[in-house]
Amino acid sequence: MADTQGRIGLLGAGRMGSALAAGWLRKARGGVSADQIILIDPRPGVGAQALMDSHGVTCVPALTAKVAASLDTLVVAIKPDLVRTVLSAVSDDLPRDALVISIAAGVPLRTLSAALPDRPVVRAMPNTPAAIGEGVSVCVANEAADTKTLIRQTEKLLKPAGLVEWISDERMMDAVTAVSGSGPAYVFLFTEALAAAAEAEGLPRELAMTLAKQTVSGAGAMMKAGLGEPDELRRNVTSPNGTTQAGLDALMSGGGLPGLVRNAVAAAERRGRQMGAQSAGD
């Protein structure tokens with residue numbers, strides 16, 4: 001397969017899928033062109049429609065045998081409960097050397113490999129900030145895909161969404177999902193709570209939400225800028241016996257926020273294992 005990825009099928013052109021395709025066209029620097037991409041979705045979302053209107057990207061309603069046979073790479077972005085059925089239907093048609101990248105949450109490599117035997121398969125877990133290029137995708141490959149060439153091709157397609165990290169043990173993916181996959185929701189909830197607390201102290205609702213959102217995004221930007229590790233940054237902003245220390249003491253007392261976060265990640269990890277077992281038919 002050429003380094004330009006050849007013909008790329010995007011199975012599922014919803015928000016995440018169309019954001020990936022937009023990134024390929026925006027950031028690939030000529031490596032992926034609109035005529036290489038085929039969107040496969042009976043009901044493409046707004047983002048996919050924009051790609052069709054502005055770039056002339058092709059969209060078809062189903063992954064037919066003919067479409068599958070034309071692909072060099074298949075990116076799977078459909079609902080997890082549809083994966084086995086849809087992929088199994090084209091098992092005899094998708095080329096044996098076609099790279100399959102699945103971002104379907106909770107679907108393990110064994111399910112993907114059972115549906116498409118003898119194919120190089122990468123399972124990736126992106127998170128929602130990937131839709132604006134600020135996410136992180138964690139990947140694990142089966143033996144057929146564990147080569148420098150295919151890893152490089154996978155990274156080229158996922159990097160428009162943000163950072164790309166790799167794990168060698170798929171059992172870690174449930175913990176990954178519990179942290180980076182579900183983590184944005186934890187941050188959004190904290191932001192809601194911070195705004196509600198500000199309002200309870202007398203600030204107008206709009207100002208309270210503005211302060212909460214900018215505070216959370218600004219703190220994240222400081223960490224991303226490499227200004228220090230989280231614990232260091234926390235210490236730097238905390239004066240002994242000051243207002244920040246008083247707030248942190250309340251957050252951390254009796255297990256507090258650290259204990260709640262630990263419980264949240266553990267609960268999400270357990271649910272991820274359950275979903276993976278259900279997807280695999282265990």
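In this chain, residues are counted from 1 in sequence order.
Between Val76 and Ile101 there is no side-chain heavy-atom pair separated by less than 4.5 Å. Residues Pro108 and Thr111 meet the side-chain proximity criterion, which asks for heavy atoms closer than 4.5 Å. Between Arg7 and Thr73 there is no side-chain heavy-atom pair separated by less than 4.5 Å. Taking the side chain as every heavy atom from C-beta outward, Asp146 and Trp166 never approach each other to under 4.5 Å.
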Steps toward side-chain contact (heavy atoms from CB on, under 4.5 Å) verdict (Val164, Cys139): CA-CA 7 Å; Val164 179; Cys139 306; 3.9 Å; yes
Stepwise side-chain contact (heavy atoms from CB on, under 4.5 Å) check, Leu158 with Leu20: CA-CA 7 Å; Leu158 294 178; Leu20 277 175; 4.3 Å; yes
Test log, rule side-chain contact (heavy atoms from CB on, under 4.5 Å), inputs Leu112 and Asn142: CA-CA 10 Å; Leu112 298 164; Asn142 68 2; over 6 Å; no
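The two residues Ala21 and Leu39 come nearest to each other via the heavy atoms CB-CD2, 4.4 Å. Closest approach of Val90 to Leu63, counting heavy atoms only: CG1-O, 3.4 Å. Annotation for Ala77 and Gly12: closest pair CB-O, 3.6 Å, computed over non-hydrogen atoms. The minimum heavy-atom distance between Ala145 and Leu99, with the atom names listed, is CB-CD1, 4.4 Å. Looking at every heavy atom in both residues, Leu25 comes nearest to Ser33 through CD2-C, 3.7 Å. The two residues Val179 and Val265 make their nearest non-hydrogen contact at CG2-CG1, 4.0 Å.
Interatomic distance, Ile78 CD1 to Asp41 CG, rounded to the nearest 0.5 Å: 9.5 Å. Atom CG of Asp35 sits about 10.5 Å away from atom CD1 of Ile8, to the nearest 0.5 Å. Rounded to the nearest 0.5 Å, atoms CH2 (Trp24) and CD (Gln36) are 10.5 Å apart. Atoms CG and CG, from Leu116 and Leu87 in turn, are 4.5 Å apart once rounded to the nearest 0.5 Å.
Every residue two or more places apart in sequence or in another chain that forms a side-chain hydrogen bond (donor to acceptor under 3.5 Å, both in side chains) with Asp169 is listed here: Arg171. Scored by the side-chain hydrogen bond (donor to acceptor under 3.5 Å, both in side chains) test, Asp93 finds no partners at all (sequence neighbours excluded).
For residues 14-25, no residue pair satisfies the salt bridge (Lys or Arg N to Asp or Glu O under 4.0 Å) rule, not counting sequence neighbours. Sorted by first and then second residue, the side-chain hydrogen bond (donor to acceptor under 3.5 Å, both in side chains) pairs with a member in residues 205-216 read Glu199-Arg205; sequence neighbours excluded. Residues in residues 215-224 take part in these salt bridge (Lys or Arg N to Asp or Glu O under 4.0 Å) pairs, two or more places apart or across chains: Glu134-Lys224. Within the structure, side-chain hydrogen bond (donor to acceptor under 3.5 Å, both in side chains) pairs that include any residue of residues 247-273 comprise Gln245-Asp249, Glu269-Arg273, Arg271-Gln274 (at least two apart or interchain).
Val75 and Ile151 fall within the same hydrophobic cluster, defined by Ile, Leu, Val, Met, Phe, Trp and Tyr side-chain heavy atoms under 4.5 Å apart, directly or through other members. A continuous path of ILVMFWY side-chain contacts below 4.5 Å connects Val60 to Leu82, so both sit in one hydrophobic cluster. Taken together through direct or relayed side-chain contacts under 4.5 Å among Ile, Leu, Val, Met, Phe, Trp and Tyr, Leu10 and Leu150 form part of one hydrophobic cluster.
Its side chain outside the 4.5 Å cluster rule for every partner, Met209 clusters with none of the Ile, Leu, Val, Met, Phe, Trp and Tyr residues. Hydrophobic clustering, defined by side-chain heavy atoms of Ile, Leu, Val, Met, Phe, Trp and Tyr closer than 4.5 Å, leaves Leu260 isolated from every other such residue.
For the pair Glu155 (side chain) and Arg152 (backbone), a donor-acceptor distance under 3.5 Å is absent. Checking side-chain atoms of Asp72 against main-chain N and O of Ala98 turns up no donor-acceptor pair under 3.5 Å.
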Review item, side-chain donor-acceptor pairs of residues 186-193, under 3.5 Å, at least two apart:
residue	atom	partner	partner atom	Å
Tyr186	OH	Ala178	O	2.9
Thr191	OG1	Val187	O	2.8

Identify each donor-acceptor pair in which a side-chain atom of residues 234-242 lies under 3.5 Å from a protein atom, sequence neighbours left out, and give them as a table.
residue	atom	partner	partner atom	Å
Asn236	ND2	Glu232	O	3.4
Thr238	OG1	Arg234	O	2.6

Can you give me every donor-acceptor pair (side chain of residues 46-55, partner residue at least two apart or in another chain, under 3.5 Å) with its distance?
residue	atom	partner	partner atom	Å
Gln49	NE2	Asp53	OD1	3.1
Ser54	OG	Ala50	O	2.6

Please set out all donor-acceptor pairs under 3.5 angstrom arising from side-chain atoms of residues 119-128, sequence neighbours excluded.
residue	atom	partner	partner atom	Å
Arg119	NE	Leu94	O	3.3
Arg119	NE	Pro95	O	3.3
Arg119	NH1	Ser91	O	3.4
Arg119	NH1	Pro117	O	2.8
Arg119	NH2	Ser91	O	2.4
Arg119	NH2	Leu94	O	2.5
Arg123	NE	Val107	O	3.3
Arg123	NH1	Glu170	OE2	2.9
Asn127	OD1	Val136	N	3.0
Asn127	ND2	Ser180	O	3.1

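In this structure, Arg43 places its CZ atom where only 12 or fewer heavy-atom neighbours from other residues, nucleotides or ligands lie under 6.0 Å away.
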